[in-house]
Amino acid sequence: MDKFEQLVSEAQFAVAILCNLGTSDFELIDLDSKQIPNILSARGLRFGGAMGLVNGLPRVALAEPFDEKMCRALIDAFLRLQRAEVLISDCLPKRVEYLTRVYSIPKMIC
């Protein structure tokens, strides 16, 4: 099992990172969606890694190093996506537990 499969298998929520490092363009794709929009290939995006939550803590596995600006943008996008997931969740106790964990997470460095 490679580092991407390991992260995804251990994560309670995971996304694939599709990116174009030349343009700093990226898209996070929910692995549960099983659909990748066709527009992404037109943007020159390719697999860049995976991000997920493992026991409430963020984890990332990158295919190649990202610069600091790209890392910050990925983290921000991942946290926005996670907040959206929490808001549409039906289970209040899970939301409270999740938010408690998210706000106690130290800064994540790629």
Side-chain angles (χ1 to χ4, degrees):
M1 183 180 302
D2 67 21
K3 64 183 178 180
F4 310 110
E5 293 170 323
Q6 182 77 31
L7 187 149
V8 171
S9 70
E10 293 175 356
Q12 289 74 46
F13 176 80
V15 295
I17 303 167
L18 300 181
C19 64
N20 180 333
L21 294 178
T23 63
S24 296
D25 187 17
F26 70 90
E27 192 79 33
L28 300 180
I29 303 296
D30 184 348
L31 295 175
D32 291 334
S33 71
K34 298 186 181 13
Q35 292 183 333
I36 298 177
N38 293 332
I39 189 79
L40 299 180
S41 62
R43 290 166 43 194
L45 302 181
R46 59 186 170 82
F47 181 75
M51 295 180 84
L53 284 178
V54 178
N55 297 320
L57 298 173
R59 297 286 182 252
V60 63
L62 299 174
E64 54 190 278
F66 287 15
D67 64 24
E68 185 177 335
K69 181 180 173 185
M70 185 79 148
C71 283
R72 288 176 195 240
L74 283 168
I75 292 166
D76 288 345
F78 184 73
L79 291 175
R80 280 192 308 275
L81 182 61
Q82 278 299 288
R83 281 191 287 257
E85 284 288 316
V86 168
L87 291 174
I88 61 174
S89 172
D90 292 334
C91 183
L92 182 59
K94 278 185 165 179
R95 282 189 268 176
V96 171
E97 177 184 287
Y98 170 77
L99 290 172
T100 301
R101 287 182 179 175
V102 165
Y103 287 106
S104 66
I105 295 172
K107 278 187 161 180
M108 187 170 90
I109 299 173
C110 289

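The structure presented is a predicted model; accordingly, all values stated were derived computationally and were not measured.
Annotation for Pro58 and Leu53: closest pair N-CD2, 3.7 Å, computed over non-hydrogen atoms. Across all their heavy atoms, Ala14 and Ala11 have their closest contact at CB-CB, 4.0 Å. When all heavy atoms of Pro65 and Leu21 are compared, the pair lying nearest together is O-CD1, 4.2 Å.
Looking only at side-chain heavy atoms (C-beta outward), Asp25 and Cys19 stay at 4.5 Å or farther from each other. Val60 has its side chain out of reach of Phe78: every pair of non-hydrogen atoms, C-beta onward, lies at least 4.5 Å apart. Inter-residue side-chain proximity for Leu74 and Phe26 is flagged as met; some heavy-atom pair is nearer than 4.5 Å.
Applying the 6.0 Å contact sphere to CD of Glu64 captures more than 12 heavy atoms from other residues, nucleotides or ligands.
At least one donor-acceptor pair under 3.5 Å links the side chain of Gln12 to the backbone N or O of Asn55. Judged by distance alone, with hydrogens and angles left aside, the side-chain atoms of Lys3 form a donor-acceptor pair with the main-chain N or O of Leu62 at under 3.5 Å.
For the pair Glu10 and Arg59, the salt-bridge criterion is not met [side-chain N within less than 4.0 Å of a carboxylate O].
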Practice item. For the pair Ser24 and Lys69, evaluate side chain to side chain contact (heavy atoms under 4.5 Å, CB included) and give the outcome as yes or no after the intermediate values. Key: CA-CA 9 Å; Ser24 296; Lys69 181 180 173 185; 5.5 Å; no
Check your understanding: Is there a side chain to side chain contact (heavy atoms under 4.5 Å, CB included) between Ile17 and Phe66 once you walk through the steps?
Key -> CA-CA 11 Å; Ile17 303 167; Phe66 287 15; 4.1 Å; yes
**Study point:** Verdict with supporting geometry, Asp67 and Met70, side chain to side chain contact (heavy atoms under 4.5 Å, CB included)
**Key:** CA-CA 5 Å; Asp67 64 24; Met70 185 79 148; 3.1 Å; yes
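From Leu81, atom CG reaches atom CD1 of Ile29 across 10.0 Å, with rounding to the nearest 0.5 Å. In this structure, CZ in Arg46 is found 7.5 Å from CG in Asn20, a value given to the nearest 0.5 Å.
Scanning for ring-ring contact (aromatic ring centres under 6.0 Å, His included) contacts around Phe4 gives Phe47, with sequence neighbours left out.
Cluster membership check: Val54 does not share its hydrophobic cluster with Met51, using side-chain heavy-atom separations under 4.5 Å among Ile, Leu, Val, Met, Phe, Trp and Tyr.
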